[in-house]
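Report on one structure; see the data block that follows.
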Number of protein chains: 2
Amino acid sequence: MNLRELAQNLGLSQTTVSRALNGYPEVNEATRARVVQAAEQHNYRPNTRAKGLATGRAMAIGHVIPMSKQHEMVNPVFGDFIAGAGETYSRNGYDMVLSLVEDGQEEKTYRDLRGKGAVDGLIVHGPKSGDARIAMLDDLGVPFVVHGRASAVTTPYAWLDVNNRKAFQRATDFLLDLGHRRIALINGLEELDFASRRRAGYEEALTARGLPVTPDYLHSDEMTERYGYDTVRHLLDSDAAPTAFLVSSMITAIGVRRAIEERGLRMGRDISVITHDDALSYFKNGEEAPIFTATCSSVREAGRQAAQMLLERIANPHLPPPNRLLEAQLVVGGSTGPAPTSRTD
Amino acid sequence: MNLRELAQNLGLSQTTVSRALNGYPEVNEATRARVVQAAEQHNYRPNTRAKGLATGRAMAIGHVIPMSKQHEMVNPVFGDFIAGAGETYSRNGYDMVLSLVEDGQEEKTYRDLRGKGAVDGLIVHGPKSGDARIAMLDDLGVPFVVHGRASAVTTPYAWLDVNNRKAFQRATDFLLDLGHRRIALINGLEELDFASRRRAGYEEALTARGLPVTPDYLHSDEMTERYGYDTVRHLLDSDAAPTAFLVSSMITAIGVRRAIEERGLRMGRDISVITHDDALSYFKNGEEAPIFTATCSSVREAGRQAAQMLLERIANPHLPPPNRLLEAQLVVGGSTGPAPTSRTD
DNA sequence: AAGTCCATCCAAAGCGCTTTGGAAATGATT
DNA sequence: AATCATTTCCAAAGCGCTTTGGATGGACTT
């Protein structure tokens, strides 16, 4: 059933039917009711492609998900982020088109998506510090919102981010207050902006107390379970084994815990762990008694808000690009405790 | 830059330019080369909507991801499944459109997606035993492939599934061989077809040896970490505590491990655990020495293949619907061992 | 020299919708 | 009764592409 048939059926012109369905005022309410009812009855849905052609809007938002070539890995936070964004889209009649792309190929995909006219706007995932995509998208004139930031980019652009620096600074401070002095950072890939900000927060907290940053304690890799396990296992073997770990992802923290418990040690008593927690739905940290002390920030909520920002930006392209900084909560759980011996080394 | 402008630029008709770019034979190779070069130089990309309107094909596949209302949870396997499917799509010039929908609302979304003409085909996720969507999609005449099966549906339809029954039967047998007699099943929601098949395999193995199925050992819920933890914690408190657990998801198995270790017990020595492992990229079970004994089947590969099946089905709608049954590997890891006391109770 | 056949190109219709620029009918105003 | 403003509707153009049904001209036959 298409518009022409529906109009014929009703003995009306396409114009009137179209207007009736799209809520234009120049149509009699009685007529409109008739049209709406007929449309429903015939299960009529306007063809997106035709509508898009006519209006010049795709009613779709593009998400380009980077996929690590190395581990064939898709960051698990995307699932939740997209779930949040999807809520906003479906409330507003937008579709979501997804492309999974190998690391570094993202630019071409953005170009394609826009060139083809497949999307009205884009969400940029996993920004690097001086991410080239931002300039490119500005250049293309596509509305976009970055999930995260690109510290080295100075031109204004729309972003939504968690205050990663502050979160990790506070977490480090918390560990320092507990007497820990040998704190290792099990970070994500530091080419990613969020990871470098977390590191900055960590280092800031240390230097604020006049403590040195020990290179041996700094680790950076893709946030798999295995990475957490291997790294901590190795670190616990070293001469000056850390008494505390600051971890960038829940998944990695699981590996960290595995390495600790394998040693017969207990989290919160022998070794302290703080992890960042994106509040993934299938991996709740626990409400009443969280397993991990964690810096919490719901990535799903971030998805909701980023999508909202993007839709507003599409509606008002001339407004200055909006920014939003979400603060992470430092939630105390069972994985932290006073340093075993509170000497300052 | 659109086709008309490009054609004007070249002093050719739109027809010729279109044909040149789409590889039709009735155009001089020299002309084609000129056209291709100009298109590249001007960064020309045909407008998908216009192309779609003209051809009647959307060049897009729809995925409708069910989202549990209860836990706001998106099953983490979707990320990997979609990553696999995405590979196939991008190789074939298809886009992927994603809708996240609350449990039970899926039907309407399928209808919409098809009615709007937004997609050429659909992947059906999370089928229930007598899933109504299959009849509906058949009715709508949309090509589709089900990831999983709907046991109660008797009409032929296209599906790709893991042999869940056999996998869990073998896993149960394996535990029985090790002398375990009190084996609990920590299953997913049994309204989902895969879960009921797993249960069937489990029960089959027990009854084949003349062993009873103990209702207290049967558990079914959304596969969160917490669910595994809570359930096992509770079971270990009971009079006839199980000596082995058969778990439906890696994430849940993490919770199971947590509960076990919290008791001061050790997996593989005091308690045996087998889990199904979807080979999620960020949560590898470990190559050389797997943590868990597991029934392994890559959901990413499933995505790749399901997408391939769908594209072929779109190309040849009259062929009988294809089916594919993947076998899971039973990989022995460190989480299983002989039953503590090998008496048969 | 006339007819035939390719190879190469083009004009125009059509995909299903929105939207512009009226037209017809109705009711209010003089 | 004539005029005017409103309301309500419509015909047709246009969005950017594909595709049908020729047109054109050169090479080849006969």
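So that the names make sense, note that chain A is the first sequence line, chain B the second, and so on, each numbered from 1. On a predicted model such as this, the values are computed, not experimentally measured, just so you know. In what follows, every heavy atom counts, from backbone to side chain, and hydrogens, waters and symmetry copies are set aside.
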Gln37(A) atom CD, neighbour heavy-atom count above 12 within 6.0 Å: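 Result for CD/Gln37(A): open.
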side-chain N/O [X] vs [N] OP1/OP2, d < 4.0 Å:
X        : N       : result
Tyr24(A) : dT19(C) : yes
Thr31(A) : dT8(D)  : no
Asn47(B) : dG16(D) : no
Ser18(B) : dC17(D) : no
Thr55(B) : dT18(D) : no

[atom1] of [X] versus [atom2] of [N]: gap in Å, rounded?
X        : N       : atom1 : atom2 : value
Gln14(B) : dG14(D) : CD    : C1'   : 13 Å
Asn28(B) : dC9(C)  : CG    : C1'   : 10 Å
Leu6(A)  : dC17(C) : CG    : P     : 9 Å
Leu12(B) : dT18(D) : CG    : C1'   : 17 Å
Gln8(B)  : dA11(C) : CD    : P     : 11 Å
Glu5(A)  : dC15(C) : CD    : C1'   : 13 Å
Arg4(B)  : dT18(D) : CZ    : C1'   : 16 Å
Lys51(A) : dG16(D) : NZ    : C1'   : 19 Å

Polar side-chain atom of Arg114(B) near backbone of Val119(B) as donor-acceptor pair, under 3.5 Å: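 Looks like yes, one N/O pair under 3.5 Å.
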Side-chain donor/acceptor of Arg304(B) to backbone N/O of Gly84(B), under 3.5 Å: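 Not confirmed, Arg304(B) side chain does not pair with Gly84(B) backbone.
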Taking only the side-chain heavy atoms of [X] (C-beta and beyond), determine which of [options] contains the nearest atom.
X        : options                   : result
Asn22(A) : dC15(C), dC9(D), dT18(C)  : dT18(C)
Arg19(A) : dC15(D), dT19(C), dT20(D) : dT19(C)
Ser13(A) : dC10(D), dC10(C), dC17(C) : dC10(D)
Ala54(B) : dC10(C), dG16(C), dG14(C) : dG14(C)

Touch class at under 4.0 angstrom, heavy-atom based, for Thr15(A) against every strand present: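 Since a base atom lies under 4.0 Å of Thr15(A), the category is base.
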Sugar-phosphate only, base, or nothing, as touched by Arg49(A) at under 4.0 Å among non-hydrogen atoms: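 If one applies the 4.0 Å heavy-atom cut-off, Arg49(A) turns out to touch nothing in the nucleic acid.
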Residue met sooner reading DNA chain C from 5', once Val27(B) and Leu53(B) are mapped to nucleotides: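 Looking at DNA chain C, the more 5' nearest nucleotide goes with Val27(B).
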Aromatic ring pairing Phe144(A)/Tyr157(A), orientation class (parallel under 30°, perpendicular over 60°, tilted between):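 Answer is parallel, since the angle falls under 30°.
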Aromatic ring proximity, centroids under 6.0 angstrom, His63(A) and Phe78(A):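 Centroid distance Phe78(A)-His63(A): not below 6.0 Å, so no.
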